[in-house]
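This report refers to the structure that appears directly beneath it.
Computed from a predicted structure; not experimentally measured.
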Amino acid sequence: MPQQPELWIGVVEARPLDREAYGAAGAFTHIITWARSAAEFRQKADTILATLNLYVVGIEEEGQLALWLETQTPSVSKLLVEVPVSVPPLKPKSGLNGPPSIVGSK
């Protein structure tokens, strides 16, 4: 039976595929995603950043989120565990002057 995926976190250095269009040299960020291993986490980080026209320069400190939380201060752990992530529901709307759009979209 395959191992169940767990939440993993890592510090990822990202750079834009087109620096001039992006207007910045890059950034460091934490990525949290489901994975079964460090290799799978790295593959998913590559995929996530590619959808944003970015590429991974390096990944550090990747590991299971549960173990990472044990090393954090209580305020960081509380922020990540107790703050609910909510996304407002998308409600289709249509206007007389154009095609239907999504409420909240720009």
Side-chain angles (χ1 to χ4, degrees):
M1 178 188 327
Q3 177 184 358
Q4 291 292 325
E6 298 179 88
L7 284 173
W8 279 61
I9 187 170
V11 178
V12 180
E13 181 182 0
R15 292 195 184 151
L17 295 173
D18 183 351
R19 184 176 175 179
E20 289 183 26
Y22 192 73
F28 288 88
T29 187
H30 281 100
I31 290 182
I32 299 173
T33 189
W34 293 99
R36 292 177 183 87
S37 66
E40 185 177 4
F41 174 83
R42 289 170 176 262
Q43 179 183 25
K44 288 186 174 189
D46 280 331
T47 301
I48 291 165
L49 291 181
T51 64
L52 300 170
N53 292 323
L54 301 168
Y55 67 94
V56 173
V57 175
I59 298 176
E60 297 179 4
E61 303 173 16
E62 72 273 16
Q64 295 172 356
L65 180 62
L67 298 176
W68 182 85
L69 286 172
E70 291 175 6
T71 67
Q72 301 305 304
T73 63
S75 60
V76 171
S77 297
K78 184 176 181 179
L79 177 68
L80 287 174
V81 174
E82 295 181 8
V83 175
V85 176
S86 62
V87 177
L90 298 177
K91 298 177 185 175
K93 70 173 187 177
S94 60
L96 300 174
N97 299 325
S101 60
I102 302 296
V103 172
S105 65
K106 295 180 181 180

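Across all their heavy atoms, Ile59 and Ala45 have their closest contact at CD1-CB, 3.9 Å. Ala25 and Pro16 get closest at one heavy-atom pair: O-CD, 3.4 Å. Closest non-hydrogen pair, Trp34 versus Lys44, comes out as O-NZ, 2.8 Å. For the residue pair Phe41 and Ala35, the shortest heavy atom distance occurs at N-CB, 3.7 Å.
How far CG of Asp46 is from OG1 of Thr51: 11.0 Å, rounded to the nearest 0.5 Å. In this structure, CG in Leu67 is found 9.0 Å from CG in Leu65, a value given to the nearest 0.5 Å. Here the CD1-CD distance, from Ile9 to Gln64, works out to 12.5 Å after rounding to the nearest 0.5 Å. Taking CD from Glu13 and OH from Tyr55, the interatomic distance works out to 8.5 Å, rounded to the nearest 0.5 Å. Annotation: the span from Gln43 atom CD to Thr33 atom OG1 amounts to 10.5 Å, rounded to 0.5 Å.
For the pair Arg36 (side chain) and Gln3 (backbone), a donor-acceptor distance under 3.5 Å is present. Under a 3.5 Å cut-off, the side chain of Arg15 and the backbone N or O of Val56 do not form any donor-acceptor pair.
Following chains of ILVMFWY side-chain contacts shorter than 4.5 Å, one can reach Leu52 starting from Val12, so the two form part of one hydrophobic cluster.
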